[in-house]
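Notes follow the structure.
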Amino acid sequence: MAAEDAAHTANAAETAETADTAASADTAASADAAGATLRTVLALGAGEALDVVSAPRGLDVPLRDVVMLDERDLPQARDCVVLAVGVDPLTPRAVEAMRAAADAGAAAVVYRPAPDGRVRPAVRAAADAAGVAVLTRASGVDWADAAGVLRTAVAYATTDPAEGPGARLGDLAALADVIAELTGGSVTVEDNASRVLAHSSTGMEADPLRRQTILGGRVPGWRVDELRRSGLFRAVLASHEVVHREADAGNPERMVIAVRAGTEILGSLWLAPDGGPLPPRARRALTDAARMAVPHLMYHRVRDQAAAGRRDEAIRSLLHGRGDLPAHAVSLGLATDQPCAVLVAEPLRPGGDMARTLNALVVRAGAARDRVQVLREVDRMLVLLPEPPGGGQAAELGRQLAALADSLTPRRPVLVGVGPVVAGALEADTSRAGAERVLRVLRTRHGDDRSRSARLEEVAVPATLLRMLDAARPAWQEGVGPLHLLAEHEREHGGELLESLAVYLDEFGDVAAAAARLTVHTNTLRYRLRRMRERFGVDLDDPDTRLLAMLAVRLLREDG
C-alpha cells in the first residue's frame, strides 16, 4: 500500500509539474488549433482551481464539456469532466462515483479537497483501470468557481481567435487595451467593490475623474456615493445592456456594462471619452466586449481565490509546524532568519456576531508593517509579525488590537496573546503555542480590564504552570488513589469537598482564612477536612499528598 501511494504521489507531482509548465506558456493559440484537452484547460485557468491527483492517460486527453455527477447528466459524460459534488473522496461512495463516470466514458472526475490531497486508494485504482484522471478542488475554491472556470476554459480553448479579443487569458491589462481599440474610448475594468483591476493606456486628454480613479486604484469614495444616490449602480446591476450616462455640469460622459457569468456579476467595464465624444460604434462594441471578458474575469477571480487559499494554507502550516516549512516561508516572502512573533486574538466569550470586530482587527494588523501575515479563522485571528532589532512591535500591536476591539464592542472584549520572539518563521509554531498559553492565562483574569493583552514574559509563571499541568494531565487521568476516589465522589455530589480542599490549599492551610473565603464556620471546614481523611484516605499531613492535591485541584479547575 505504501509503495502504491508513493507511485501515485510521484505521478501526481509529475502531472502537476507538467500542467504548471504548460500554464506558463502562451497556450491560447495551441488550444485553438488542437481543441480542448485536459492540458490546455488546466493551462487556461483551471489549473488555478484544481489539483491533479493522477492522470493515467496523461494530460492530452480531449475534453468536450463539464457535467455533474447525477442521473440526468452522466449519460452525456463522454470526454467530459465530471464534478462529484457532495461525494466525500475518502468514502466508498467516491469509488462508486468513479466507476459510474468511467462507464459513461468521462475523461476526469473532480472531488472536493481531502486532507493532504488524498483520495481512497480504491478510487485511484478504479481510475487507473479505466484511464480516468482524478482531480480535486484547490484550497479556497468552491464548486461554483471550479465549474465556472472549467466551462470558460473549455469554451475558450475551442474559440476561433477571430471571434475573441487579442489578449492572453487572464491578462486584464491587454484586455482593456483591446476593448479600448474596439470601442474608441478609454477603459477601466473594475470589480464589484469599484476597485480597478486594469485600465487601458491613458493620454493627456483623460478627464480628471479617470486620472484620479486610476492613480488611486479604485473609484473615489465620494464618486461611489454619488453613483449610488443617482441610481447608476442599480441600473447597471439590473441591465444586461450598456448604461449610457451623458456628460453634464458635474459628471463626464460614461458608458458602463456589467460582466455576467449566468446570473452572477463578475465585474464591470467602464468606457470614458478619449479626447472627444464616444463614437457611434462604442455601445455595440462594449456589449460584445462584456461577453468576451467573461473568461478573463472568471480566470482572474479563481486565480486570486486559489492564491489566497494557498497563502492561507502556507500561513497555517507555518503556524502549526506542518509540512515543508522553508517552502512555506519562501512562498510568503518571509526571510527564514528574520526574528518574528505570533499574536492570537479571540473573543473572551464564544458565540455572538464578532465577525465585524475580527475583520476590523485583520485590517489593522495587516497595516502594521511590511510582511505581516494574517490568518482569519472562524472565531479568531492569528498574526505572524516580523520583529525589527530591539523588538517591542508585537506587544504594541497586541495592545492596539485589544483597544480597537474595546472601542467597537466594549461589552464583548477580545483577548490578545503575544507569543515570544523566535529566531525566524520556521519557529513560528513555538511562538503560536506561547500566544495560546497567554490567552488561557488571560481568560482566568477576565475581570481585570488591564488584562486584555499580554506577552508571554508578562505571565511567565501561570503560563509555565499551564505547561506543567498539560504534561501532568495524562498521568492524573490514568492514576488511582485517595484523591481520585474523592474526585469521583465529588463529580456525583456537587464538589463541596473539592472546593473546600482547593481553598484550604490556596490559603496555605490557614483554616480561618479558608473558612472566611468559603463563608462557612471554621468547625464546618475542619469537619470537611476530617471527612476527606476518614472516608477517602486523603492525608494532608503528607507532603506528597499535598503536592498531588494542589496539582489535582488545578487540573480539575482547568477541565471544569
Side-chain angles (χ1 to χ4, degrees), residues 139-142 144-145 190-197 216-222 224-225 228 233 264-267 300-320 332-334 340-386 393-419 428 431-432 435-436 438-439 442-443 446 452-454:
S139 175
V141 176
D142 60 24
D145 285 332
E190 299 177 11
D191 66 11
N192 293 329
S194 296
R195 291 185 292 257
V196 177
L197 302 177
R218 63 182 307 133
V219 180
W222 63 266
V224 172
D225 293 339
R228 288 197 180 106
F233 277 159
E264 186 173 3
I265 296 178
L266 303 176
H300 174 81
R301 185 180 72 174
V302 172
R303 181 182 59 188
D304 281 1
Q305 288 180 336
R310 287 192 293 270
R311 170 191 162 279
D312 284 354
E313 186 56 35
I315 298 172
R316 186 175 290 106
S317 296
L318 270 180
L319 293 176
H320 292 277
L332 295 168
L334 298 174
C340 60
V342 175
L343 294 79
V344 182
E346 60 187 30
L348 170 62
R349 292 180 294 277
D353 184 11
M354 293 294 289
R356 175 173 170 269
T357 298
L358 286 174
N359 288 339
L361 298 187
V362 167
V363 173
R364 176 64 189 86
R369 58 169 298 175
D370 292 339
R371 302 299 182 187
V372 170
Q373 304 295 332
V374 183
L375 180 64
R376 170 74 157 85
E377 296 185 336
V378 175
D379 55 357
R380 68 174 185 166
M381 175 189 74
L382 298 94
V383 183
L384 178 59
L385 179 75
Q393 286 208 3
E396 177 59 25
L397 179 59
R399 288 189 290 269
Q400 292 174 2
L401 294 175
L404 175 59
D406 273 350
S407 70
L408 295 172
T409 51
R411 296 184 179 181
R412 296 188 62 81
V414 171
L415 306 179
V416 184
V418 182
S431 187
R432 187 266 314 159
E436 290 178 343
V438 174
L439 285 177
L442 292 180
R443 289 187 178 281
H446 60 80
R452 297 284 197 261
S453 174

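None of these values were measured; they are calculated from a predicted model.
With a 4.5 Å cut-off on side-chain heavy atoms, Ser453 and Leu415 do not count as touching. Using a 4.5 Å heavy-atom threshold, the side chains of Leu361 and Val414 count as touching.
Scored by the side-chain hydrogen bond (donor to acceptor under 3.5 Å, both in side chains) test, Arg218 finds no partners at all (sequence neighbours excluded). A search for side-chain contact (heavy atoms from CB on, under 4.5 Å) contacts involving Val372 returns Ala368, Arg369, Val374, Val383, Leu385, Pro386, not counting sequence neighbours. Judged as a side-chain contact (heavy atoms from CB on, under 4.5 Å), and not counting sequence neighbours, the contacts of Ala341 are Glu387, Ala394, Val421, Ser431. Judged as a side-chain contact (heavy atoms from CB on, under 4.5 Å), and not counting sequence neighbours, the contacts of Asp142 are Ala144, Asp145. Under the salt bridge (Lys or Arg N to Asp or Glu O under 4.0 Å) criterion, Arg380 pairs with Glu377, Glu436, sequence neighbours left out. With sequence neighbours excluded, no residue satisfies side-chain hydrogen bond (donor to acceptor under 3.5 Å, both in side chains) with Arg228. Under the side-chain hydrogen bond (donor to acceptor under 3.5 Å, both in side chains) criterion, Gln393 pairs with no residue at all, not counting sequence neighbours. Shown here are the side-chain hydrogen bond (donor to acceptor under 3.5 Å, both in side chains) partners of Asp312, two or more places apart in sequence or in another chain: there are none. Remark: Ala314 engages His328, Ser331, Leu332 in a side-chain contact (heavy atoms from CB on, under 4.5 Å) (not counting sequence neighbours).
At distances below 3.5 Å, at least one donor-acceptor pair connects side-chain atoms of Thr409 with backbone N or O atoms of Ala405. Panel note: side chain Asp406, backbone Pro413; no donor-acceptor pair is recorded below 3.5 Å.
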Check against side chain to side chain contact (heavy atoms under 4.5 Å, CB included), Arg432 and His320: CA-CA 8 Å; Arg432 187 266 314 159; His320 292 277; 3.7 Å; yes

Side chain to side chain contact (heavy atoms under 4.5 Å, CB included) assessment of Arg452 paired with Arg399: CA-CA 8 Å; Arg452 297 284 197 261; Arg399 288 189 290 269; over 6 Å; no

Trace of the side chain to side chain contact (heavy atoms under 4.5 Å, CB included) decision for Val416 with Val344: CA-CA 6 Å; Val416 184; Val344 182; over 6 Å; no

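To the nearest 0.5 Å, atom CE of residue Met381 and atom CD of residue Glu346 are 11.0 Å apart. Note that CG of Leu401 and OG1 of Thr357 are 12.0 Å apart. Values are rounded to the nearest 0.5 Å. Put simply, CD on Gln400 and CZ on Arg364 are 4.0 Å apart, with the number rounded to the nearest 0.5 Å. Atom CD1 in Ile315 sits 14.0 Å away from atom CZ in Arg376 (nearest 0.5 Å). Within the model, atoms CG of Leu358 and CG of Asp379 stand 8.0 Å from one another, a figure rounded to the nearest 0.5 Å. Separation of atoms CZ (Arg443) and CG (Leu348) is listed at 5.5 Å; rounding is to 0.5 Å.
Scanning both residues, Val418 and Gly398, for their nearest heavy atoms gives CG2-CA, 4.4 Å. Taking each heavy atom of Leu318 and Leu334 in turn, the nearest pair found is CD1-CD1, 3.9 Å.
At most 12 heavy atoms of other shown residues, nucleotides or ligands fall within 6.0 angstrom of atom CZ in Arg371.
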